[in-house]
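Order of appearance sets the numbers: ligands from 1, and atoms from 1 within every ligand.
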Amino acid sequence: MRSSARPSAVALLAAVAATAGVLAGCHSNTPTLANAVTGAEAAARVYVPPGQKDEFYAFFSGGFSGQVSVYGLPSGRLLKVIPVFSQDPQEGWGYDEETKPMLETSFGFVPWDDAHHPELSQTNGVPNGKWLFINGNNTPRIARIDLSQFKTAEILQIPNSAGNHSSPFTTPDGKYVVAGTRFSVPVPNRDTTLASFAQSFKGTLTFVRADEPGKMAIAFQILVPGYDYDLGHAGKGVSDGWFFFTTYNTEQAHTKLEVNASQNDKDYIAAIDYRRAESCVAAGQGTSTMPANYDHNVIDDRSNVAHVERKTSVTALDPSRCDGVMYFLPTPKSPHGVDVDPSGEYIVGNGKLSAVVAVHSFTKMQQAIASKAFDKVVDGIPVLKYESVLAGEVKSAGLGPLHTEFDGKGYAYTSFFISSEIVKWKLGTWEVVDRTPTYYAIGHLMIPGGDSRAPWGKYVIALNKITKDRYLPTGPIMDQSAQLYDISGPKMQLLLDFPTIGEPHYAQALPANLIHSVKFNALTDNANPWAVKTEADGGISRQGKTVHVKMAAIRSHFSPDNLEGITVGDTVFFHVTNIEQDWDIVHGFAVLGNTDAAELILAPGETRTLKWVPRASGVYPFYCTDFCSALHQEMQGYVRVSPAGSTVALSATIGDHAVGGDRMAGMHPTGAAGAVAGGHQ
Ligand code: RUQ
Ligand code: CUA
């Protein structure tokens with residue numbers, strides 16, 4: 001490939017701008033009068049008075065932070081960060097022994113990933129408030145967050161994939177979430193020359209069963225040509241049973257993609273009849289069992305302990321041997337998002353380098369399949385004729401379309417990255433009816449329920465890539481910026497800017513009353529093997545070089561709070577249980593100089609375990625890190641560490657008495673017995 005002779009993407013974009021008759025500068029970044037609201041009006045519309053609550057929960061991906069942040073709308077107040085794919089000190093996620101296994105993969109422990117697309121679970125095509133799924137992009141995974149606890153409960157790794165970007169969009173019945181490879185790779189992965197890309201690299205489109213908590217499982221992987229599979233969305237309504245994925249790099253370039261993957265006028269939207277795939281898989285038609293190494297990590301509800309299960313194979317489906325399972329819809333040009341309108345009839349391809357937004361018709365697609373209106377066949381997959389599937393084109397809308405959401409009232413809203421705006425257009429007539437600038441360089445946009453069958457079309461949020469001058473400057477790395485627009489009237493009206501955590505590629509929102517959040521876990525339900533239910537259950541025990549400390553945390557002390565008999569060379573596990581049953585009393589635990597994981601944070605009724613390998617003799621204080629009471633500063637204790645080989649006896653005490661633990665099973669209230677666990681030095 002002589003790439004030097006080819007136009008660069010920048011040149012291509014300029015050409016696109018010229019053909020479209022629009023230039024970025026034409027859409028000035030000043031709101032038109034019709035869109036403008038006064039500051040006081042805007043403030044009143046997003047104001048949630050003290051003591052009152054927001055109307056919507058909004059879940060923003062953290063992008064390169066790997067987490068999910070939860071905002072209230074319309075206030076834009078940050079309510080919480082839910083740790084998912086990255087270690088997180090605010091909740092101790094991935095540091096304590098209970099949650100560390102959640103970040104295990106077949107590659108080993110991955111402490112940080114990139115998370116893109118939150119997707120709410122659905123019933124009959126409408127978000128139901130049960131779970132939120134999100135993709136791990138770099139090390140391909142899908143996480144399920146339990147919205148009763150706002151907690152990551154399960155993570156499934158996706159093998160034969162790299163750059164899990166077109167993920168984890170759901171089917172309307174909640175049966176599947178999907179995962180499509182952004183980077184095609186040799187499948188199964190092996191040492192292969194990169195120049196053989198077109199022959200030996202493959203994509204996979206993975207369908208994951210996701211309707212039972214704790215049991216996410218790969219149903220099948222469809223082996224597809226080696227393109228980049230970018231985004232996806234399920235059909236719904238008339239198109240229920242189908243799934244759509246965008247592709248780019250149908251040129252199959254493996255180097256200098258910015259030029260080499262921008263050559264074809266059209267790439268494809270891959271349309272998958274997944275019920276047809278199910279029947280082929282059930283009949284063993286076109287399927288094979290492929291070896292694969294991947295982990296399924298689940299947190300047990302009652303013990304809060306995560307377990308890793310290694311899986312070793314997947315069912316692969318060759319679409320050329322399962323008739324009718326897959327078609328390509330030509331779509332201009334390097335399409336990014338693929339979005340299906342609430343009726344399911346229209347499939348919107350957002351061609352980043354295209355002058356038009358191409359909208360396909362599901363009905364026409366069915367007719368084209370029936371009449372075999374094929375352009376050609378690629379690897380056994382028919383390519384339908386563009387004109388035969390096209391419903392219409394939104395012309396001269398803007399530059400660099402990325403994503404489209406719907407308001408449920410017959411309109412679509414498309415984000416334009418290059419011209420930095422949201423454009424509202426009418427489904428069916430394809431006419432542009434409103435546009436508004438964003439500040440600046442919008443990526444995704446989001447309407448609550450905006451990719452579902454029944455959007456709550458009151459607001460649209462712009463998720464912007466560039467923050468520039470919107471806030472007080474905070475150095476070269478600034479937070480990304482979200483903007484809230486009122487879309488209840490004919491014109492979009494900008495009401496609010498607020499900074500976000502990480503780079504939210506996508507977000508989803510739903511009315512707050514659909515979420516039923518649990519306030520705390522009952523201590524009686526705590527099935528952690530190291531849990532204590534009362535202060536007297538604490539204690540210390542040794543198994544060779546391993547020392548286990550069981551400890552209760554309750555306002556405003558630890559029981560036990562004095563520990564002796566530990567020596568250099570020991571590995572110590574502090575199993576701390578917050579035995580509070582007041583719903584908002586959290587305790588922490590931190591021990592001096594701990595390099596393995598310095599702290600724990602404990603919700604009421606919960607046990608977490610800190611690993612500590614003391615490297616020198618001495619005395620090490622520990623304390624509570626969460627300001628839990630007036631005597632929080634008194635919530636502290638000491639561990640004595642003696643030199644290796646020391647004969648100091650193990651002891652765990654509080655006040656003038658020992659705390660029983662394993663050797664003192666059956667000992668009743670603290671201080672009732674005089675027996676000493678391991679003696680007192
Ligand atoms: S997706 S805008 Cu468009 Cu992952 Cu980032
Ligand atoms: Cu417990 Cu501060």
TODO: Let me know which of Thr246, Ile269, Asp267 forms a side chain to side chain contact (heavy atoms under 4.5 Å, CB included) with Leu329.
DONE: Ile269
Task: Shortest-distance N/O/S atom, His632 versus atom 2 (Cu) of ligand 2 - done: ND1
Open item on the list: So that I know where these two stand, are Tyr413 and Tyr485 an aromatic pair - ring centroids less than 6.0 Å apart?
Closed with: no
Open item on the list: Between Thr139 and Thr105, is there a side-chain donor-acceptor contact under 3.5 Å, judged purely by atom types and distance?
Closed with: no
Task: Polar side chain donor-acceptor pair, Gln67 to Ser65, under 3.5 angstrom - done: no
Open item on the list: Any non-hydrogen side-chain atom of Tyr411 less than 4.5 Å from a side-chain atom of Asp434?
Closed with: no
Task: Derivation and outcome, side chain to side chain donor-acceptor pair (under 3.5 Å), residues His336 and Asp230 - done: CA-CA 6 Å; His336 186 56; Asp230 207 12; 2.6 Å; yes
- [ ] Please calculate the O(Asp626)-atom 2 (Cu) of ligand 2-SG(Cys624) angle and round it to 10 degrees.
- [x] 90°
Task: Cationic tip of Lys80 above Phe150 ring, under 6.0 Å, 45° of axis - done: no
Open item on the list: At less than 4.0 angstrom from any atom of ligand 1, which residues have a non-hydrogen atom? List them by chain and residue number.
Closed with: His116, His117, His165, His336, His403, Gly443, His444, Lys465, His505
